[in-house]
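Take a look at the structure below.
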Amino acid sequence: MSIMLIALPDIFRGIGVDPLQPGNTGLLLWLIMSYLVVTAVLVVSFGRLGDMYGRIRMYNLGFAVFTVFSVLLSVTWQHGTSGAVWLIAMRVLQGVGGAMLMANSNAILTDAFPARQRGLALGLNQVAGITGSFVGLVLGGLLGPVNWRLVFLVSVPFGVFGTVWGYLNLRDTGLRTPARPDWWGNFTFAAGLIALLAGITYGIQPYGGHTMGWSNPAVLAAMAGGALLLAVFCVVETRVAAPMFRLGLFRIRAFTAGNPASLLASLGRGGLMFLLIIWLQGIWLPRHGYGFTETPLWAGIYMLPLTLGFLVAGPVSGWASDRFGARAFATGGMLLAAGTFVALQALPVDFGYPSFALILLLNGIGMGLFAAPNRAAIMNSLPPDQRGVGAGISTTFQNSAMVLSIGIFFSLMIAGLAGALPRALTNGLTAQGVPAPDAAKVAALPPVGVLFASLLGYNPIRTLLGPQVLDHLPPGHAAYLTGREFFPQLISQPFSDGMAVAFDFAIAACLIAAVASLLRGGRYVHEDGRGRTRAGGAPTPAPAVAGGGTPRPASANGPGPAANSGPAANSGPAANSGPAANSGPAANPGPAAGSGPVTSSDAPPPPPPPPTRSR
């Protein structure tokens, strides 16, 4: 994800498409978001298939599929719109492989490590994912100008190695639950989520005379229809013999509280990434001597403190929460992240870098403190035969949060820009000799075009005016308009207005996530059904469930919150800031799971007939 985001200008130049033309905005959006949408839709199904047929099998197949379509992304012979459509189609199919990887990676690690070590294990895996995110930003800036095809080919050797090494070395240690596929559940979930995410994607595009498409009947119908299908999915899952996702898992307090918290955290982090990229590339870097074409690479480098904070906090918080509990770390991390958004809001647009770097470092630490404990607490709460589908639900809302963050933050930014940007553009352009009709035409363009120009590292005024206007201006005026000073100064105040609203939303999201983390209850570890795991000791026999003889899930009884945490292990190319949030019901119908002895209200429903352990 990160390498392609930075290399987008080179990719579009390579296939001969101007992504800022009104008719091409959809191509740009879908090339960015198609992978996210596909992985968000399919991870639940592939997680369930991993529970049924083996997680290692699905994981290894994901590496192979991802690698094949990485090759096909680089060999397109088409140009123009057909070339862009080919790339989008290959990204969709590449996302199928990514979904197989992401759906099963967390469950594999949870199977492989005992509860007292999962936080550290998942934290170290998160370090790999975050490191890959930063490496992608740098490689995209280096390889894209050489040849855009290298952006896709560079992942092929890693995919080949992962495929071969996985088949030779990985062994499935989890439980399998043989069952028939839940076709109706899969269909209603996939169709509903696709409709909802597609509606959000088109909502930020202009419609009619409006700067955004939220009044577009098609957008409203897609979102309403998607929500209705997801409601039907919930009904279907209560009626079928072997549901794709057991809704009774939401009776586990650690699972139910952790998922909405991580959804909100992912929303805040996803929005922060886009805000910072636009802030650096469109305003700060040009004003400090960097050419527009250089800004994508340097934006990634200047955001390094954010990555370092995550790298430090991920494994440390995972290790510490294994011993001292998840609740304090997750709640404290969200409060720290909210404080950093307040600090960013107080910075001037033309900030001093040391202050900016310190805030980014603290934000990375806060997000890392949250992500590690929260993800392991979610994974520890799942029955062994439901870890694949449970991890899939979490990853679904992690990737959905990225799509939501694009829709929400771009909408807030566009709303802020729409009021002040047209007047600023008109006055600034006419003052430099641009004819009034041409200035009015540029000022009337949707603000999303200005945001995309900044995001892609284009020279905004050169792109918006074009040579037909610039060639008729005095050379000095044309040079000033397309230089590094005019556009960043012009957009600074409108951008600041829009950014303040966006940061307000991020602050609110982090504070609500902190409250959800605080309400997660004490430690809850659902082991293999053979005993309760006490806070500091060995398992003790668990009582049988009345009527069926099936053991209850393990619970931890001990002082303080649970020490079972760790960041999301994300094997896919996208480096994620934290665990995925689940949008399922947040209400817990019974007492807090893990806060005391197991009772019928805090344990999930009995699992299906005893599963067989795979080799």
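Between L27 and L31, every side-chain heavy-atom pair lies at or beyond the 4.5 Å cut-off. Residues F370 and S317 form no side-chain contact, since every pair of their non-hydrogen atoms from C-beta on lies 4.5 Å or further apart. Counting heavy atoms from C-beta outward, F63 and M100 have side chains that stay 4.5 Å or more apart. You'll find the side chain of Q126 reaches within 4.5 Å of the side chain of F310, heavy atoms only. You'll find the side chain of T163 stays beyond 4.5 Å of the side chain of N60, heavy atoms only. L87 places a side-chain heavy atom less than 4.5 Å from the side chain of I15.
Atom CG of L122 sits about 5.5 Å away from atom CG of L109, to the nearest 0.5 Å. Between I252 atom CD1 and L382 atom CG the span is 6.0 Å, to the nearest 0.5 Å. Residue T110 holds its OG1 atom at 7.0 Å from CG of N380, rounded to the nearest 0.5 Å. Expressed to the nearest 0.5 Å, how far OG1 of T256 lies from CZ of R253 amounts to 10.0 Å. Note that CG of N106 is 5.5 Å distant from CE of M379, once rounded to the nearest 0.5 Å. L272 contributes atom CG, which lies 8.0 Å from atom CZ of F409 (distance to the nearest 0.5 angstrom).
For N374 (side chain) and A330 (main-chain N/O), no donor-acceptor pair under 3.5 Å exists by modelled atom type. Within the 3.5 Å criterion, the main-chain N or O of Q78 finds no donor-acceptor partner in the side chain of S82. Panel note: side chain D172, backbone R55; a donor-acceptor pair is recorded below 3.5 Å. A donor-acceptor contact shorter than 3.5 Å links the side chain of R149 to the backbone of T76. Under a 3.5 Å cut-off, the side chain of T39 and the backbone N or O of L36 do form a donor-acceptor pair.
Shown here for A516 and A257, the closest heavy-atom pair between the two residues is O-CB, 3.8 Å. When all heavy atoms of L124 and P315 are compared, the pair lying nearest together is CD2-CB, 4.0 Å. Nearest heavy atom pair, residue S266 against residue A401, reads CB-CB, 3.4 Å. S105 and Y59 get closest at one heavy-atom pair: CB-CE1, 4.0 Å. Here the shortest heavy-atom pairing between A265 and M367 reads O-CE, 3.9 Å. Between D322 and R118, the shortest heavy-atom contact is OD2-N, 3.9 Å.
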Evaluate the side-chain contact (heavy atoms from CB on, under 4.5 Å) criterion for residues V151 and D10: first the C-alpha distance (whole Å), next the side-chain angles of each, then the deciding distance (0.1 Å), finally the verdict. CA-CA 10 Å; V151 171; D10 300 296; over 6 Å; no
Go through it in stages, so that I can follow the logic: the residues are L93 and V65, the test is side-chain contact (heavy atoms from CB on, under 4.5 Å), and I'd like the CA-CA distance, side-chain angles, deciding distance and then a yes or no. CA-CA 8 Å; L93 296 172; V65 172; over 6 Å; no
Evaluate N104 against R57 for side-chain contact (heavy atoms from CB on, under 4.5 Å), listing each step before the verdict. CA-CA 10 Å; N104 292 281; R57 180 180 299 175; over 6 Å; no
Audit row: F152, V71, side-chain contact (heavy atoms from CB on, under 4.5 Å) steps and yes/no: CA-CA 7 Å; F152 301 112; V71 174; over 6 Å; no
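For S70, the side chain to side chain donor-acceptor pair (under 3.5 Å) partners are Q94, S155, not counting sequence neighbours. Under the side chain to side chain contact (heavy atoms under 4.5 Å, CB included) criterion, T307 pairs with I130, F134, L304, L311, not counting sequence neighbours. Partners of S34 according to the side chain to side chain contact (heavy atoms under 4.5 Å, CB included) rule, which considers only residues two or more places apart in sequence or in another chain, are W30, I88, R91, V92. In terms of the side chain to side chain contact (heavy atoms under 4.5 Å, CB included) criterion, residue partners of F161 (sequence neighbours excluded) are, by chain and number, W165.
Ring pair F66/Y35 is perpendicular by interplanar angle, where above 60° counts as perpendicular and below 30° as parallel.
Residues in residues 82-121 take part in these ring pair (Phe, Tyr, Trp, His ring centres under 6.0 Å) pairs, two or more places apart or across chains: W77-W86.
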Solution key, residues 183-199 side-chain donor-acceptor pairs under 3.5 Å, sequence neighbours excluded:
{"residue": "N186", "atom": "OD1", "partner": "S45", "partner atom": "OG", "Å": "2.3"}
{"residue": "N186", "atom": "ND2", "partner": "D182", "partner atom": "O", "Å": "2.6"}
{"residue": "T188", "atom": "OG1", "partner": "W184", "partner atom": "O", "Å": "2.8"}
{"residue": "T188", "atom": "OG1", "partner": "G185", "partner atom": "O", "Å": "3.2"}

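The aromatic ring centroids of F255 and F250 lie less than 6.0 Å from each other.
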